[in-house]
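In what follows, chains carry the letters A, B, and so on, assigned in the order in which the sequence lines appear, proteins first and then strands, with residues in each chain numbered from 1. These figures come from a predicted structure and were not determined experimentally.
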Amino acid sequence: MVRYFTRLRMRRIYKWGGRPYIFDRKLKSYGFEYLNMSVEGQEAVTTVTPGQYILIEGNDDEYPFVAKLLKFFGDESHKQKKALVQWFLRLSEVPQNKKLLLGRSPHPQEIFYYLGRACDNEINAESILGTVDVQHVPEDTPFPEPGTKDTLYVKLSWDTKAFNVLDPVLMQDTPASTPPKPALPLFPPCASPTATPVSRGPVRRALPTPDPTVMRRAGSVSDTRATMSAGKRSTLEAESIHSASKLSASKILSAKRRGSAADTPGVRKKLQLSIGASPGKKMTRADVLCELLDEEMESEKVISLKLSSSVSHSLQHGCSLSPMRSGCKTPNGQRRFPWKLSSISLDRLSPTALGEQDLSRATTPSRRKESAMAIRKPALGVLAEEDSEDSPMQPIALTPRSKRKSAQLVSLRIRKQLNLLDNTQELISDGDDDCFVPSKKDLQSSSDEEKTDSEEETRGRNCKTSVRTPCKTPSKKKDLQSSTDEGKTESEEETVVRKTRGRNCKTSVRTPHKKPSKKVTPSTPRHATPSIPSRTVPARQPGNILEEARARLHVSSVPESLPCREQEFQDIYNFVESKVMDGTGGCMYISGVPGTGKTATIHEVIRCLQHASDMDEIPTFRFIEINGMKMTDPHQAYVQILQKLTDQKVTADHAAALLEKRFSNPAPKKETTVLLVDELDLLWTRKQNVMYNLFDWPTRRHARLVVLTIANTMDLPERIMINRVASRLGLTRMSFQPYSFKQLQQIITSRLNKVKAFEEDALQLVSRKVAALSGDARRCLDICRRATEICEHSTSHPSSAGLVRMNHVMEALDEMFSSSYITAIRCASLQEQLFLRAVIAEFRRLGLEEATFQQVFVQHRALSRVEGLQPISVSEGLAVCQRLGACRLLLLEASRLDMLQRVRLNVSQDDVLYALKAVRD
Amino acid sequence: MCTLSRQRKGSIHELVQMILRERFCHQRLPEKPVGMESQHKHLLELLRRTAVHGESNSVLIVGPRGSGKTMLLNCVLRELLEVKDVNKNVLPVHLNGLLQTDDRIALKEITRQLNLENVVGDKVFGSFAENLAFLLEALKKGDRSSSRPVLFILDEFDLFAHHKNQTLLYNLLDVSQSAQAPVAVIGLTCRLDVLELLEKRVKSRFSHRQIHLLSSLSFIQYLDNVRSQLSLPQDFPDTNFYDEWNDGIKTLCEDQSVVDVLQRHYNSSKDFRSLHLLLMLALSRVSASKPAIKPTDLLEASRVCMVDSKANILHGLSILELCLIIAMKHLNDIYEGEPFNFQMVHNEFKKFLQRKSHSIHNFDKPVVIKAFEHLQQLELIKSMDSSTAKIQKEYQLMKLLLDHSQIMEALQKYPQCPTDVKQWAMSAFG
């Protein structure tokens with residue numbers, strides 16, 4: 001459907017075409033007629049004109065944004081290239097919770113006309129990737145058959161709240177593209193953009209792609225670039241495979257596409273590397289490589305000569321081939337040598353390949369597809385495209401083979417001549433998936449490779465329902481390696497290569513139904529749905545007033561409104577709202593002791609904002625919440641944020657990289673993200689890089705990130721943050737004061753909401769008590785809850801229980817606030833009490849607050865003599881001491897010190913004496 | 001006939017032993033927990049509300065060791081599970097701070113006991129972070145009315161407070177305070193200051209319900225309890241023996257010497273665990289030939305219980321070692337508890353040999369060193385330096401881990417202790 005050259009990190013060159021006209025005098029901007037895009041080092045130029053549908057680089061590389069180009073303009077200096085667009089949305093860009101509004105399963109190529117206002121419709125022209133075909137499908141017409149897969153369809157429009165039927169007028173308002181099929185960029189570039197509508201598939205492939213010959217010649221420069229991009233891609237790829245089973249079919253598809261796009265540079269790099277790797281074997285390796293390449297060139301040439309319909313094409317073929325050949329010859333200069341060999345082996349192989357094709361006819365189109373991919377052989381791709389333009393009846397015959405499959409290509413051609421164009425549709429629609437190359441796995445054993453291939457293939461098949469042959473690339477690469485490593489004679493190697501190839505394709509052809517799930521290790525059921533089993537008997541509802549009150553007073557019950565935090569609510573609301581409206585980012589730091597409603601207030605704010613955005617008062621935004629206490633390691637923050645943003649599961653480092661990319665790259669249709677970081681102090685690391693990133697992202701120009709952080713201490717930024725972190729956090733701070741008794745009272749009353757369960761005085765007592773101690777609303781609610789229980793128990797019949805009175809509340813307060821030490825001392829055994837007295841006596845004697853057990857024990861023995869008790873043995877004394885230590889009435893040293901362990905009191909001496917006096921009286 | 005009756009008797013006394021042992025070894029829960037009715041009611045009510053209404057709660061049961069915290073909880077759970085509605089509805093999760101020493105292990109154990117979906121067989125897969133996220137997600141998905149309540153029972157609760165960041169406690173208590181799956185967090189601990197261990201955020205999320213198990217048992221109740229503990233249950237098969245045994249127990253508890261023994265135990269500790277230990281020792285003396293507990297049995301058991309372990313060790317020492325101990329005692333008297341080294345002890349010992357001894361031979365120095373080392377191994381003396389390697393053995397500073405009373409007591413009981421040694425020990429200064 002779409003090509004993935006976005007992945008190729010090519011430097012694209014954009015040039016204005018046509019003559020500028022003044023667009024806006026005031027802003028001194030100039031309008032332009034069209035834009036020429038080309039890839040560095042390549043001849044091909046694509047022209048984009050207003051009215052065309054274009055793809056725009058976004059944060060999702062396999063699904064670039066789609067838009068209709070309205071206007072080009074730039075400034076005087078021609079440095080900035082801007083464009084006005086009308087956006088289209090893919091379903092994946094519609095918020096998760098709104099997807100259901102569609103009411104049917106979406107067509108994979110379906111896009112929606114975007115009517116919202118939230119997105120900036122002015123884009124940087126240099127983010128344009130290329131053009132795409134968009135068709136308007138009337139409301140009641142079904143989508144066209146999946147034949148033309150590279151076309152996107154518009155049926156509905158999306159205005160951030162609902163899907164509506166799209167007014168066809170909207171699609172046709174631009175004069176430049178009156179037909180629903182807009183004109184596509186032409187080749188050669190000099191052609192006027194609107195001149196001839198062409199068949200799309202091949203044209204597409206002519207878009208800027210790296211020319212291997214160029215890359216080869218450019219040597220290290222282009223190579224490193226390829227290497228880098230390939231490496232990066234491969235990690236992404238691994239990740240996408242990793243999560244593949246979770247992804248929808250379309251996503252798998254896209255993952256593969258990505259792979260296919262990735263393969264070329266990777267392969268190239270491989271070749272080069274293996275040449276350079278061991279200088280000792282250099283000659284042989286180079287020989288082998290060149291031979292292999294040459295052989296392909298050769299076969300291609302032969303094929304094209306044999307099969308092409310026009311001489312001119314074959315000539316062009318020759319031209320495009322020559323630089324490459326010379327390129328690869330340079331290392332050893334043995335030019336002629338491989339030619340013979342390859343022709344021999346070609347002959348040898350062709351029967352096999354033919355046989356195979358007879359077995360599976362359907363393989364052909366897809367293979368052709370693969371070969372048509374300009375990524376691999378751009379020069380040839382261009383050729384093919386020309387062919388298809390000129391003689392649309394023979395696109396297959398002219399398609400250059402993938403260089404690796406030269407032999408099979410022969411048979412392919414033959415076959416194609418026999419039954420021309422059975423299924424052009426498939427040819428065009430079929431993706432480039434076959435060329436998927438897991439570049440990371442190059443070094444793995446051949447069997448592994450084969451497995452991957454066939455798996456990939458099956459996957460592709462599953463989603464596309466079209467049979468295709470396995471990708472030959474990996475095996476080829478592996479062949480290269482094995483052959484170079486073993487250092488056999490060339491002919492031997494050649495046969496080895498052939499054999500493997502034959503085997504490879506056969507295995508994959510014969511095992512078409514291997515499930516992709518095989519890749520997911522069965523030991524880790526990653527996609528287990530976390531849930532607590534549901535109960536067999538439904539929960540009973542509260543029966544009487546007290547139970548009702550208790551349910552309402554539970555901290556978990558969400559109140560209708562949050563009283564007493566109006567000012568804070570308003571401040572946070574304004575802050576977040578303004579950021580969301582402006583599409584900017586910012587940080588806010590909120591502090592306050594536990595139980596003062598920080599998190600609750602923010603949730604309330606978000607609820608209101610979400611409501612506002614539903615009412616279309618503000619642009620849509622996403623809310624993400626992480627909690628420092630709910631993760632095992634500060635770096636898990638990245639993982640959790642990414643998972644909540646994109647539903648991907650990756651490692652912390654990778655997540656950090658992805659987030660970094662997401663927040664620093666411009667993406668035109670990005671919505672604002674509101675991130676709540678609870679318990680911020682737990683995210684502290686020695687380098688503070690987690691905090692740094694969290695506060696740095698909002699300052700990026702394109703991030704559109706609002707970070708709300710919560711912690712307990714007001715001076716946290718000053719205390720634990722290094723300067724550069726604290727500075728990024730900024731000065732937007734807010735502090736939640738502990739609740740006053742009036743506020744607490746109001747909170748309880750508003751929660752009870754006219755359920756008359758408490759006496760007014762009782763409520764006041766609770767709130768005053770809590771306000772004096774901590775101002776923690778949770779504590780207040782818990783005490784009230786406990787008071788209802790006490791009230792319920794105090795009466796014999798639960799139904800006749802009246803109001804919660806003063807005495808109930810007093811009792812509850814007593815339970816919760818009174819220290820248990822005194823009761824514990826009173827309830828201790830006689831010897832324990834005696835020991836405590838001995839401790840105090842010894843402290844007095846020493847004048848210190850610390851004594852060894854030995855010293856205390858002397859006192860203890862004396863005291864027991866005074867009390868007329870039988871003295872206890874040292875062992876017993878130690879046991880008594882340990883018991884007191886376990887309750888933490890005493891603080892003890894480690895018990896291995898035996899008699900020498902030091903003893904301290906954990907309660908004040910007065911408390912002990914008070915408790916003991918009361919006992920004796 | 002005679003053999004038959006003896007056999008019957010034998011089987012009966014085995015039956016008695018079995019019944020009482022189960023009781024004393026805490027293998028069978030008592031019918032009703034004694035002396036903690038209000039606590040029992042409170043806890044039962046609380047857990048019932050979680051089970052029936054789906055109300056989340058958190059509670060701490062605090063009491064000294066042996067006060068019956070676990071017993072209370074188990075009684076409540078047993079009673080709770082007898083209720084029909086509750087039976088299949090609650091998921092108890094038992095954790096122990098001594099077993100789950102960090103959150104990683106605790107999380108795995110929770111997931112295993114809850115039988116969540118990432119449990120394969122008996123193993124829990126996934127990293128620590130994944131497990132935490134998984135569990136939280138699972139709890140978050142539940143809601144008050146539809147998911148089964150989970151009872152988290154955290155034994156040795158104070159040890160969980162030492163886990164890194166108190167992540168587990170924070171999350172469990174946070175769930176208990178938010179509209180997620182209903183949970184009850186029940187902590188058992190013997191530390192009275194447990195709340196001070198909780199971090200302020202964790203503390204705020206705890207409901208501050210504490211059930212204290214502090215027995216205010218009087219001696220009369222204690223005695224009653226002993227009687228009921230020793231009595232046979234009513235459904236005992238042999239009614240004759242039943243009457244006989246219970247009468248015997250009644251008279252036993254009225255015996256003055258027995259009352260004295262029990263009073264001494266009561267003074268020392270009120271908990272039932274030490275009482276059970278005492279009764280167990282007495283019970284083990286019941287045999288077919290002596291099918292009742294006599295006061296002497298209890299006295300003997302008490303003597304075994306109360307015995308000083310160090311004095312026992314002293315009885316097994318050689319005369320030389322004993323002399324060294326006495327020398328150390330004198331050094332302690334002279335230097336007022338300052339540490340000593342081998343050389344000082346040896347000098348003291350030699351002085352004794354020269355001046356007073358008639359029966360003790362002169363030992364070579366290596367022999368004395370050996371004896372000294374033996375004492376160190378028995379931990380009757382303890383080195384004061386942390387780094388033992390640096391100083392020569394003879395000059396390492398040591399301290400005596402014995403009380404004077406222990407030494408004198410041991411000397412009294414030491415078999416065939418030479419009188420000159422005894423006199424030396426008794427004398428004021430070496």
Could you have a look at [options] and say which one has the most heavy-atom pairs with chain B under 4.5 angstrom?
options	answer
A:His554, A:Arg861, A:Met816, A:Arg779	A:Arg779
A:Leu878, A:Val874, A:Asp776	A:Val874
A:Gly628, A:Ser873, A:Pro871	A:Ser873

In Å, rounded to the nearest 0.5 Å, how long is the span from OG of A:Ser774 to NZ of B:Lys203? 9.0 Å
Nearest 0.5 Å, what's the SG-CD distance between B:Cys305 and A:Glu876?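 Nearest 0.5 Å value for the SG-CD distance: 9.0 Å.
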Residue part contacting chain A, namely of [X], when any heavy atom lies under 4.5 Å:
X	answer
B:Val150	side chain
B:Ala311	neither
B:Glu45	side chain
B:Leu132	side chain
B:Lys140	neither
B:Asp193	both
B:Asp158	neither
B:Ala129	both
B:Tyr170	side chain
B:Asp174	side chain
B:Leu136	side chain
B:Arg191	both
B:Leu195	neither
B:Gln177	both

On a heavy-atom basis, which atom in [X] and which in [Y] lie closest, and how many Å separate them?
X	Y	value
B:Lys270	A:Cys827	NZ-O, 3.1 Å
A:Pro594	B:Lys200	CG-O, 3.7 Å
B:Ser268	A:Gln831	CA-CG, 3.5 Å
A:Arg778	B:Ser204	NH1-OG, 2.6 Å
B:Thr167	A:Met631	CG2-O, 4.4 Å
A:Gln854	B:Leu402	NE2-O, 3.6 Å

So B:Arg201 and A:Asp678, salt bridge (Lys or Arg N to Asp or Glu O under 4.0 Å) or not? Walk me through it. CA-CA 11 Å; B:Arg201 288 169 280 210; A:Asp678 217 338; over 6 Å; no
Working note: B:Arg209 + A:Asp782, criterion salt bridge (Lys or Arg N to Asp or Glu O under 4.0 Å); need CA distance, chi angles, decisive distance, verdict. CA-CA 9 Å; B:Arg209 281 162 202 273; A:Asp782 280 332; 5.8 Å; no
With sequence neighbours excluded, tell me which residues meet ring pair (Phe, Tyr, Trp, His ring centres under 6.0 Å) with B:His208. B:Phe206
Return the set of residues passing side chain to side chain donor-acceptor pair (under 3.5 Å) with A:Gln859 (not counting sequence neighbours), or none when no residue passes.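 Result, side chain to side chain donor-acceptor pair (under 3.5 Å) vs A:Gln859: A:Glu842.
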Quick check on [X] against chain B: is it the side chain, the backbone, both or neither that has a heavy atom closer than 4.5 Å?
X	result
A:Leu869	side chain
A:Asp633	neither
A:Met629	both
A:Ala879	neither
A:Leu897	both

B:Lys382, B:Lys399, B:Lys310 screened by salt bridge (Lys or Arg N to Asp or Glu O under 4.0 Å) with A:Asp898, the one that passes: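 It is B:Lys310, the one option of B:Lys382, B:Lys399, B:Lys310 that forms the salt bridge (Lys or Arg N to Asp or Glu O under 4.0 Å) with A:Asp898.
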Looking at B:Arg49 and A:Glu789, is any side-chain nitrogen of the basic one under 4.0 Å from a carboxylate oxygen of the acidic one? yes
Going by an N to O cut-off under 4.0 Å, is there a salt bridge joining A:Lys630 and B:Glu137? no
Around atom CD of B:Glu336, are there more than 12 heavy atoms of other residues, nucleotides or ligands at under 6.0 Å?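 Open: at most 12 neighbouring heavy atoms sit under 6.0 Å from CD of B:Glu336.
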Do [X] and [Y] have side-chain heavy atoms sitting under 4.5 Å apart?
X	Y	value
B:Met306	A:Ser875	no
A:Met899	B:Asp403	yes
A:Gln870	B:Arg264	yes

When you compare the side chains of B:Ser178 and A:Ser556, does any donor N or O come within less than 3.5 Å of an acceptor on the partner? no
Does a side chain donor of either B:Ser207 or A:Arg786 reach within less than 3.5 Å of an acceptor in the other side chain?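 The criterion, which ignores hydrogens and geometry beyond distance, is not satisfied for A:Arg786 and B:Ser207.
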